[in-house]
Amino acid sequence: MATNPASESRLSARTADEVNEEIRALWLRCGGRLSTDQRREYQRLVTEWAAAEAEAHSAPHRAA
């Protein structure tokens, strides 16, 4: 599957917490049983969440 630069920049624009909220909403909407399309969406969201987590942990810490 090819990725496109526009979607990659969108992925890094959201925090892991924001993506996690969307994951939770997906599970609530589907009642805990994912259809094939919902499973694809879930996998995309988990990948986005992992990228956001990695980015957050690799960013230099700022002193307050």
So, taking the atom named CG in Leu26 and the one named CG in Leu34, what distance separates them when rounded to the nearest 0.5 Å? 5.5 Å
Looking only at heavy atoms, which two atoms of Ala16 and Ala52 are closest? And how far apart? N-CB, 3.5 Å
Inter-residue atom distance Ile23.CD1 - Tyr42.OH, 0.5 Å rounding: 6.0 Å
Rounded to the nearest 0.5 Å, what separates atom CH2 in Trp49 from atom OG1 in Thr15? 11.5 Å
Mind checking whether Glu22 and Glu18 have side chains closer than 4.5 Å, heavy atoms only? no
Residue pairs passing the side chain to side chain donor-acceptor pair (under 3.5 Å) test where at least one lies in residues 28-38, sequence neighbours excluded: Ser35-Gln38, Asp37-Arg40
